Amino acid sequence: MERVKFMSNWEEYVRIVEPYVPGEQPNQPDMIKLNTNENPYPPAPGVVEALKNFDTDKLRLYPEPTCKVLVDAIADYYGIRSSQVFTGVGSDDVLAMIFMTFFNSKKPILFPDITYSFYDVWATLFNIPFERPALDDDFNLVAADYYKENGGVVIANPNAPTGITQNEEFLRDVIEHNRDVVVIIDEAYVDFSGKSALSLTKEYDNVLIVQTFSKSRSMAGMRIGYAMGNPELIKAMNDVRFSYNSYPMTRLSVALGVAAIEDEDYFRKTTEQIIETREWTKERLIELGFSFGDSKTNFIFAKHATVDAEEIFAKLREKHIFVRHFNSERIKNYLRISIGTREEMEKFIDELKGIL
Ligand SMILES: *Cc1c(COP(=O)(O)O)cnc(C)c1O
């Protein structure tokens, strides 16, 4: 049979993108999932309560577009004004909004060669030119690389997947050299014993801090993220947001988000537990011949002295233990290991002993 040829040339006009590849979400009952930096503990009891009490009749109605109760709860928690808070569907959504809103210069935006691999995907999607200065041999950022003229700066701090944190002096240095563009500090992991740079937003009107409920608040499945900064920046983001999707967040995510941020005791207890398990895991990994930088996150980015990362990855996988391996040249010998419960990490270490 003869094939019909399309009359139109739509293929010429397709936006071609290479999508971000998230860590796999396998579904085995006995698995130990240490590959996407999720929290091993369930959401706070207050979240369960809020879910039980949720008025489903309200789902008839559109959500309140500014997410006011959640914005207020976040502002309250950090002691800032509500006009300084923007919420979104996970920090991925918040970051995409930031790229759309602030990175419209012809000059390249800057972020390191090794960092959260969504940044270059958004830059490509939105036609934003970008450059990626190389991290040094210890995976630290080099401040002077960010002095050049640019269209904006994005720094994950602590960085992912390296787990390395730059101190406040470093951030100040970069910001001082970039007063005419927006500087983003992505603090997805800051609650695991890092120090937030939020106070810098008081001094510098061009700095945005981005955080998420996905890691330290055990809510990855609910999709809640937020940005904090001066009200002019937040207003610009809201203007773009309301030109794109007026109701990004559901009534349920707003209600459960409020409950999550109000349960401070549970948050402290679970993050402390993860930090303690992280330090325990570090010691065991050293005994087994791994090396890694000083992670203040809920993961460890480690390489073994003699055995290839890919081999360890595959053998763990056979045992239904999932860690993350990146196939990029500079880091192909590393594994990113999320911190699970103490019990999960003990099992992980036991299996590692059999593999090495
Ligand atoms: C996990 C992560 C995010 C995205 O988190 P959301 O689940 O979309 O809130 C953003 N930045 C970094 C560096 C991350 O590791």
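Counting starts at 1 for both ligands and their atoms, following the listed order. Each residue takes its place number in the sequence, starting with 1. Side chains included, hydrogens not; waters and symmetry mates left out as well; all remaining heavy atoms used. This one's a predicted model, so the numbers in the text were calculated from it and none came from an experiment.
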Which protein non-hydrogen atom lies closest to [atom], naming both residue and atom, and how far is it?
{"atom": "atom 1 (C) of ligand 1", "value": "K215 NZ, 1.2 Å"}
{"atom": "atom 15 (O) of ligand 1", "value": "Y189 OH, 2.6 Å"}
{"atom": "atom 8 (O) of ligand 1", "value": "R223 NH2, 2.8 Å"}

Counting only heavy atoms closer than 4.0 Å, does ligand 1 sit against the backbone of [X], its side chain, both, or neither?
{"X": "S91", "value": "both"}
{"X": "F213", "value": "neither"}
{"X": "D186", "value": "side chain"}

Under the side chain to side chain contact (heavy atoms under 4.5 Å, CB included) rule, collect the residues that match up with N27, sequence neighbours excluded.
none
All side chain to side chain contact (heavy atoms under 4.5 Å, CB included) counterparts of K52, not counting sequence neighbours
V48, E49
Distance-only donor-acceptor check, side chains D92 and Y116, under 3.5 Å:
yes
What's the verdict on side chain to side chain contact (heavy atoms under 4.5 Å, CB included) for I312 and L356, showing C-alpha distance, side-chain angles and the deciding distance?
CA-CA 8 Å; I312 302 171; L356 299 168; 3.9 Å; yes
Mind checking whether G225 has a heavy atom under 4.0 Å from ligand 1?
no
Among A96, S214, G90, the residue with a heavy atom nearest to atom 7 (O) of ligand 1 is S214
Tell me if the centroids of the rings in Y334 and F292 come within less than 6.0 Å of each other.
no
Looking at D120 and R132, does any basic side-chain N land under 4.0 Å from a carboxylate oxygen?
yes
Looking at I114, is its backbone amide N or carbonyl O close enough to the side chain of N159 to form a donor-acceptor pair, meaning the two atoms are under 3.5 Å apart?
yes
Quick check: Y119 and ligand 1, any N/O pair under 3.5 Å apart?
no
